[in-house]
A.B. asks: 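Can you keep this structure in mind? I'll have questions shortly.
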Amino acid sequence: TPSTKGLLNRLLGYRAIRWWFSIEFSDKCVFIFICLVIFCALLLSFHLELVGEIVANAAYLILLLGVFIRLKKSSKKNA
């Protein structure tokens, strides 16, 4: 029904999920990197250095993946 569709468009969670599926994979990698770095800072504030280091390494690898994909796409566009 039209009223249900209008309600779904106003819900924040629905819009967030729709946004998540609309962005490119490299942008998702950068977003996940930012979330993991914030989580890493939280872990370090609770003196969980070992887990924080593992999360920081994973975040760095995800960032590298996102940047590599972005550079590959931009080089294909320019060629």
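Values reported hereafter were calculated over all heavy atoms of this structure, with side chains retained and with hydrogens, waters and symmetry mates removed.
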A.B. asks: Under 4.5 Å between side-chain heavy atoms, counting indirect links through other Ile/Leu/Val/Met/Phe/Trp/Tyr residues: same cluster for V30 and L71 or not?
C.D. replies: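 In one cluster with V30: L71, yes.
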A.B. asks: Are side-chain heavy atoms of N78 and S75 found at a separation under 4.5 Å?
C.D. replies: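 Heavy-atom side-chain distance check fails, nothing below 4.5 Å.
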A.B. asks: Could you give the distance from CD (E53) to SG (C40), rounded to the nearest 0.5 Å?
C.D. replies: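 One finds 8.5 Å between CD of E53 and SG of C40.
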A.B. asks: Have a look at L63 and tell me which of V67, L61, L65 forms a side-chain contact (heavy atoms from CB on, under 4.5 Å) with it.
C.D. replies: V67
A.B. asks: With a 6.0 Å cut-off on ring centres, are F31 and W19 close enough?
C.D. replies: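 Aromatic pair counts; centres sit under 6.0 Å.
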A.B. asks: How many angstroms lie between atom CZ of F25 and atom NZ of K73, to the nearest 0.5 angstrom?
C.D. replies: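 Those atoms lie 9.5 Å apart.
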A.B. asks: Would you name the heavy atoms of I62 and F33 that are closest together and state the gap between them?
C.D. replies: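 Heavy atoms of I62 and F33 come nearest at CG2-N, 4.4 Å.
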A.B. asks: Please report the shortest heavy-atom distance between E49 and L44, naming the atom on each side.
C.D. replies: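 It is CA-CD2, 3.8 Å.
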A.B. asks: Do I32 and L43 land in one hydrophobic cluster if side-chain heavy atoms of ILVMFWY residues count as linked below 4.5 Å?
C.D. replies: yes
A.B. asks: Taking the side chain as everything from C-beta on, heavy atoms only, tell me whether D27 gets closer than 4.5 Å to E24.
C.D. replies: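 Counting from C-beta outward, D27 and E24 do come under 4.5 Å.
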A.B. asks: Same cluster or not: I54 versus V51, using hydrophobic residues (I, L, V, M, F, W, Y) connected whenever any side-chain heavy atoms lie under 4.5 Å apart?
C.D. replies: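 No; V51 is not reachable from I54 via cluster members.
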A.B. asks: Does any part of the side chain of L36, heavy atoms only, come nearer than 4.5 Å to the side chain of Y60, both counted from C-beta?
C.D. replies: no
A.B. asks: Can you measure from SG (C29) to CD1 (I23) and round to the nearest 0.5 angstrom?
C.D. replies: 9.5 Å
A.B. asks: Hydrophobic clustering (ILVMFWY, side-chain heavy atoms < 4.5 Å, transitive) - are F39 and F46 grouped together?
C.D. replies: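 Yes, F46 and F39 fall within the same hydrophobic cluster.
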